[in-house]
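The structure under discussion appears below in the form of structure tokens.
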Amino acid sequence: MYGALDISTSGMIVQRTRMAAISANIANAGTTLDAQANPSAFKRRVVHIAPGDPNAQSAAGRGFGVHVREIEAVQNAVRLDYQPSNPYADADGYVKVPDINIATEQINALLAGRAYEANVAAAETTKTMMQGALQLLA
């Protein structure tokens with residue numbers, strides 16, 4: 001029974017991580033400078049998920065749930081935007097800006113939120129089942 005709670009918990013952790021990456025993408029959709037004020041467009045973040053939980057204590061537990069395999073900064077997620085008055089524009093008047101589609105990010109956020117809610121519901125159901133089993137034993 002505890003494995004079922006671990007599965008739901010791992011799902012919630014992954015979805016929370018996805019939501020953080022999506023939030024960063026939306027917040028930095030117009031960021032064209034790095035931390036040192038050099039021209040460098042923000043790179044869109046993508047969370048890659050893998051099956052299993054490598055941090056599980058038992059060998060059997062490592063086969064359950066999911067984990068974040070990698071948070072990738074997509075290197076080619078940059079587009080050129082014509083802004084001839086921008087001081088960071090190239091000789092042709094183009095500035096490199098993040099290629100982030102806000103509508104796509106909002107849909108991804110909605111999906112991550114729904115997946116998180118589904119994992120919460122599964123955890124609550126598991127807890128209810130565990131309580132019922134303990135009442136039968138008492």
Looking at Pro54 and Gly52, what are the two nearest heavy atoms and their distance? CD-O, 3.8 Å
Is there side-chain contact between Lys127 and Glu124, with at least one heavy-atom pair below 4.5 Å? yes
Look up atom CD1 in Ile22 and atom CD1 in Ile102, then write down how far apart they are to the nearest 0.5 Å. 11.5 Å
Show, in sequence, the C-alpha distance, side-chain angles and deciding distance for Lys43 and Val78, and conclude whether the side chain to side chain contact (heavy atoms under 4.5 Å, CB included) test is met. CA-CA 7 Å; Lys43 306 296 189 281; Val78 176; 4.2 Å; yes
Any side-chain heavy-atom pair of Glu105 and Ile100 under 4.5 Å: yes
Considering non-hydrogen atoms only, spot the tightest contact between Ser10 and Gly65 and give its length. OG-CA, 3.3 Å
Out of the candidates Asn25, Ile26, Thr32, Thr31, only one should pair with Asn28 under the side chain to side chain contact (heavy atoms under 4.5 Å, CB included) rule; please name it. Thr31
Using the rule given for side chain to side chain contact (heavy atoms under 4.5 Å, CB included), can you reason through Leu80 versus Lys96, listing the C-alpha separation, both sets of side-chain angles and the distance that settles it, and then say yes or no? CA-CA 5 Å; Leu80 294 176; Lys96 290 183 180 178; 3.6 Å; yes
So, Asn101 side chain and Ala103 main chain: donor-acceptor pair closer than 3.5 Å or not? yes
If you compare all heavy atoms of Asn108 against all heavy atoms of Arg18, which two are closest, and at what distance to 0.1 Å? O-NH2, 3.7 Å
Closest approach of Met12 to Ala123 (non-hydrogen atoms, all atoms of both residues): CE-CB, 4.3 Å
May I ask you to decide whether Glu72 forms a salt bridge with Arg44, counting only side-chain N to carboxylate O separations under 4.0 Å? no
If you round to the nearest 0.5 Å, how far is NE2 of His67 from CD1 of Ile49? 10.0 Å
With side chain to side chain contact (heavy atoms under 4.5 Å, CB included) as the criterion, how do Met130 and Leu5 come out once you've worked through the C-alpha distance, each side chain's angles and the decisive distance to 0.1 Å? CA-CA 10 Å; Met130 290 171 71; Leu5 277 176; 3.7 Å; yes
From Tyr82 atom OH to Asp90 atom CG, the distance as rounded to the nearest 0.5 Å: 10.0 Å
Checking Gln36 against Asn38: is there a side-chain donor and acceptor pair closer than 3.5 Å? no
Steps toward side chain to side chain contact (heavy atoms under 4.5 Å, CB included) verdict (Asp81, Arg79): CA-CA 6 Å; Asp81 190 27; Arg79 63 181 170 79; 4.0 Å; yes
Heavy-atom pair of closest approach, residues Ala109 and Met19: O-CE, 3.2 Å
Quick one: are Asp53 and Val66 in side-chain contact, heavy atoms under 4.5 Å? no
Hey, does Leu33 have a side-chain heavy atom less than 4.5 Å from the side chain of Tyr88? yes
Heavy-atom neighbours of Arg69 CZ exceed 12 at 6.0 Å: yes
How long is the straight-line distance from OG of Ser8 back to CD1 of Ile13, given to the nearest 0.5 Å? 11.0 Å
Are Val14 and Ile71 joined in one hydrophobic group, where the rule is that I, L, V, M, F, W and Y side chains link up if heavy atoms are under 4.5 Å apart? yes
Hey, could you give me the CG/CZ distance between Leu111 and Arg114, rounded to the nearest 0.5 Å? 8.0 Å
